[in-house]
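All remarks here apply to the structure that follows.
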Amino acid sequence: MRVVTRMGRKWWPELAFAGAILAGCSGSGGVPAPGPGRTPPPNPSARSVRIATDPFTNSASQHATQVEPSAFANGSTIVAAFQDGRFVSFGASDIGFASSLDGGATWNSGVLPGTTTLVAPPGSFDSVSDPSVTYDAAHAVWLVASLPILFNRAPTPAALVSRSTDAVHWFDPVAVAPGQPSTDKDWIACDNTASSPYYGRCYLETDDGNTGIIRLDVSNDGGLSWGPVQNTLGAATGIGGQPLVAPNGTVVVPIDDFNEARVLAFASHDGGATWSAATLVSSIADHLDAGSIRSNPLVSAGIDGAGTLYAVWQDCRFQSGCTENDLVLSTSSNGTVWSAPARIPIDPPGSGVDHFIPGLGVDRTSSGGGARLALTYDYYANGTCTMASCLLYAGFVESRDGGATWSAPVTLAGPMNLEWLAQTTQGSMVGDYLAAVYVAGRPIPVYTVANPPVIATLDEAIYVPQPLVIPASFGALRSSKGERAARGAVSDHGPRRVRPFLGGI
């Protein structure tokens with residue numbers, strides 16, 4: 001399937017329903033009144049356009065559902081990849097894509113071939129999950145990595161890598177490291193600095209879903225073939241690593257530990273031949289978000305043009321009693337020594353707003369004190385809501401000084417009832433991550449929006465703003481400089497790691 005959407009001509013408006021309309025929807029009692037000290041839920045301050053639609057109709061998965069967007073931009077081309085037709089148990093009917101060749105003005109969309117038995121031409125897998133997208137400049141090829149799944153739990157490749165030379169037409173995927181007993185949370189990145197000694201080398205990180213052992217694979221030919229599986233020094237365990245390639249060819253991978261209780265990082269200085277031991281970035285203090293929404297403190301990371309590293313995750317350390325999550329930022333110049341986490345000042349402490357599922361984008365044409373950081377996220381205006389009353393919003397903030405200060409937040413979409421989302425064994429799902437990219441200095445968030453269900457199907461899809469979001473004013477910048485973590489702030493629950501065959505994918 002190929003769909004072309006012209007922004008400004010074909011519209012799916014964002015959710016901006018009044019309380020009376022919400023009151024008439026299934027499971028909604030209207031917009032809850034704000035609690036003491038809390039501000040009313042906002043209306044979206046940016047319009048949104050849908051860039052793809054779930055094409056599947058198979059009865060075993062949920063339709064119409066698209067979740068978990070990853071995105072990458074090269075020049076004026078943007079590619080987003082996401083799950084299409086989500087199963088309750090694990091994975092989706094296929095990985096969908098949406099691509100724009102003109103900086104986001106128009107979009108093509110479709111699904112990747114050769115993955116599951118549900119696509120044409122078919123692959124051999126029952127479902128597929130965890131898309132990650134990048135571009136290999138040396139070989140002029142787009143790459144989407146994903147996790148293949150067999151419901152009988154038979155061994156599969158560690159990942160599939162789908163390739164395209166035009167961001168629209170895709171080849172059947174390459175199987176990476178066949179015969180793995182289980183795999184979780186892949187991420188792919190390439191060395192796109194022409195002066196790097198490893199220019200054109202691509203890196204794929206996964207973890208063993210049963211043991212958490214971190215696995216690395218390297219390709220030198222645009223994803224056509226992959227070298228033997230490598231481990232870190234000491235065979236570290238973790239989940240959700242995101243390789244970042246510095247201009248000098250050094251690769252640093254921020255990652256959660258296997259229990260999602262600490263952020264770690266490890267590196268390679270020889271093009272992936274060897275990998276260092278994992279070192280501590282920070283502990284994690286994570287609030288269990290209300291409403292049984294699927295949300296984990298996975299790290300979202302990026303790197304600027306000079307090689308400064310940025311890591312963001314949800315964390316409640318700045319909230320007394322760990323009652324809701326902020327998003328926090330840690331930075332590093334070398335991947336070994338990291339700054340203490342700073343609160344991203346979207347809302348003031350004690351506001352009652354709960355922030356989660358960050359998607360960080362960093363403009364590689366910027367650096368240092370002028371580095372541009374774009375951050376997409378989801379939030380509840382009232383973090384103490386219940387399953388029946390929780391209303392979900394998508395938000396966005398930007399920094400133009402390397403994270404020292406941030407713009408006022410932009411509401412991208414909402415309110416959304418949790419019943420409008422795809423359901424999984426870990427709760428209602430928009431994705432384990434969201435995305436943001438830069439094109440010609442402009443930030444473009446990529447996010448999941450759910451509308452009221454239509455008859456027997458849902459209406460959840462991937463959106464971008466219209467017009468492409470640039471915060472209206474940087475006149476009132478927000479800073480959290482000098483703030484300290486609340487005394488005794490710790491996670492309000494135990495480790496949340498769930499093995500993939502029990503619903504972790």
Inset, instruction - Applying side chain to side chain contact (heavy atoms under 4.5 Å, CB included), run through V263 and I284 and close with a yes or a no. - result: CA-CA 7 Å; V263 178; I284 296 173; 3.8 Å; yes
Inset, instruction - Could you give me the CA-CA distance, side-chain angles and deciding distance for Y438 and E398, then say whether side-chain hydrogen bond (donor to acceptor under 3.5 Å, both in side chains) is met? - result: CA-CA 11 Å; Y438 276 90; E398 186 188 12; 2.8 Å; yes
Legend entry - Trace of the salt bridge (Lys or Arg N to Asp or Glu O under 4.0 Å) decision for K185 with D130: CA-CA 6 Å; K185 287 290 173 288; D130 292 8; 3.1 Å; yes
Inset, instruction - List the steps, then state whether side chain to side chain contact (heavy atoms under 4.5 Å, CB included) holds for V133 with F97. - result: CA-CA 10 Å; V133 58; F97 75 91; over 6 Å; no
Inset, instruction - With side chain to side chain contact (heavy atoms under 4.5 Å, CB included) as the test, would you mind laying out the steps for I303 and V362 before giving the verdict? - result: CA-CA 6 Å; I303 187 169; V362 180; 6.0 Å; no
Legend entry - side-chain hydrogen bond (donor to acceptor under 3.5 Å, both in side chains) assessment of D102 paired with S100: CA-CA 6 Å; D102 51 17; S100 174; 2.9 Å; yes
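Under the side-chain contact (heavy atoms from CB on, under 4.5 Å) criterion, H63 pairs with D54, F56, N58, S61, S93, not counting sequence neighbours. Every residue two or more places apart in sequence or in another chain that forms a side-chain hydrogen bond (donor to acceptor under 3.5 Å, both in side chains) with S428 is listed here: Q423. For A158, the side-chain contact (heavy atoms from CB on, under 4.5 Å) partners two or more places apart in sequence, or in a different chain, are A177, Q180, T183, T206, R215. Remark: Q242 engages W187, S300, A301 in a side-chain contact (heavy atoms from CB on, under 4.5 Å) (not counting sequence neighbours). Every residue two or more places apart in sequence or in another chain that forms a side-chain hydrogen bond (donor to acceptor under 3.5 Å, both in side chains) with Q83 is listed here: E68, R86, S129. With sequence neighbours excluded, the residues that form a salt bridge (Lys or Arg N to Asp or Glu O under 4.0 Å) with D326 are R343. With sequence neighbours excluded, the residues that form a side-chain contact (heavy atoms from CB on, under 4.5 Å) with Y135 are F72, N74, A137, A140, W142.
The backbone N or O of W226 sits nowhere less than 3.5 Å from a side-chain atom of S219 that would complete a donor-acceptor pair. Side-chain atoms of D221 come within 3.5 Å of backbone N or O of S225 as a donor-acceptor pair. D354 places no side-chain N or O within donor-acceptor distance of the main-chain N or O of A290, the cut-off being under 3.5 Å. S276 places a side-chain N or O within donor-acceptor distance of the main-chain N or O of A267, the cut-off being under 3.5 Å. The backbone N or O of A167 lies less than 3.5 Å from a partner atom in the side chain of S99, making a donor-acceptor pair. Judged by distance alone, the side chain of N334 and the main-chain N or O of V337 form a donor-acceptor pair under 3.5 Å. A donor-acceptor pair under 3.5 Å is formed between the side chain of T424 and the backbone N or O of G427. A donor-acceptor pair under 3.5 Å links the side-chain atoms of T376 to the main chain of A435, judged by distance alone. The closest donor-acceptor contact from the side chain of N296 to the backbone of L298 lies at 3.5 Å or more, if one exists at all. Side chain of S182 to backbone of G209: a donor-acceptor contact under 3.5 angstrom is found.
Across G91 and I149, no two heavy atoms sit closer than the pair CA-CD1, 3.9 Å. Across all their heavy atoms, T336 and T279 have their closest contact at O-OG1, 4.1 Å. T274 and S268 make their closest contact through O-OG, 2.8 Å (heavy atoms, listed as atom of the first residue, atom of the second, distance). Closest approach of T457 to A64, counting heavy atoms only: CB-N, 3.7 Å. For the residue pair R442 and G103, the shortest heavy atom distance occurs at NH2-O, 3.3 Å. Listed here is the closest heavy atom pair of P358 and L375: CB-CD1, 3.9 Å.
A 4.5 Å side-chain heavy-atom check between L288 and D286 finds every atom pair outside the cut-off. Counting heavy atoms from C-beta outward, L412 and Y463 have side chains that stay 4.5 Å or more apart. Contact annotation: the side chain of D191 approaches that of S196 to within less than 4.5 Å [non-hydrogen atoms, C-beta and beyond]. The shortest side-chain heavy-atom distance between P55 and V111 falls under the 4.5 Å cut-off. Looking only at side-chain heavy atoms (C-beta outward), N325 and D289 come within less than 4.5 Å of each other. With a 4.5 Å cut-off on side-chain heavy atoms, V253 and W275 count as touching.
Listed by first and then second residue, the salt bridge (charged side-chain N to carboxylate O under 4.0 Å, His left out) pairs involving residues 156-180 amount to none (not counting sequence neighbours). For residues 361-370, every residue pair satisfying the side chain to side chain donor-acceptor pair (under 3.5 Å) rule, not counting sequence neighbours, is listed here: D363-T365, D363-R372, T365-R372. Sorted by first and then second residue, the salt bridge (charged side-chain N to carboxylate O under 4.0 Å, His left out) pairs with a member in residues 303-316 read D315-R317; sequence neighbours excluded. The disulfide (SG to SG under 2.5 Å) contacts involving residues 190-236 comprise C190-C202, where partners must be two or more places apart or lie in separate chains. Sequence neighbours left out, not one pair with a member in residues 118-128 passes side chain to side chain donor-acceptor pair (under 3.5 Å).
Here the straight-line distance linking atom CZ of F258 with atom CD1 of I239 works out to 6.5 Å at 0.5 Å rounding. Taken from CD1 in I357 to CG in D378, the straight-line distance is 5.0 Å, to the nearest 0.5 Å. The distance from atom CG of L147 to atom OG1 of T156, rounded to the nearest 0.5 Å, is 8.0 Å. Distance CD/E205 to CD/Q230: 13.5 Å, rounded to 0.5 Å. Atom CE in M416 sits 8.5 Å away from atom CD1 in I293 (nearest 0.5 Å).
D401 and S399 are linked by a side-chain donor-acceptor pair at a separation below 3.5 angstrom, with hydrogens and angles left out of the test. Between the side chains of T116 and D94, not a single donor N or O lies within less than 3.5 Å of an accepting N or O. For D136 and T134, the side-chain atoms include no donor-acceptor pair closer than 3.5 Å. No hydrogens or angles considered: nothing links the side chains of Y379 and Q314 as a donor-acceptor pair under 3.5 Å.
Ring to ring, F356 and Y380 are close: their centroids are under 6.0 angstrom apart. Aromatic rings from F396 and Y447 are positioned such that their centres are separated by 6.0 Å or more. Taking the ring centroids of Y377 and Y433, they lie at or beyond the 6.0 Å cut-off.
For R294 and D432, the salt-bridge test passes: some basic side-chain N is under 4.0 Å from an acidic carboxylate O.
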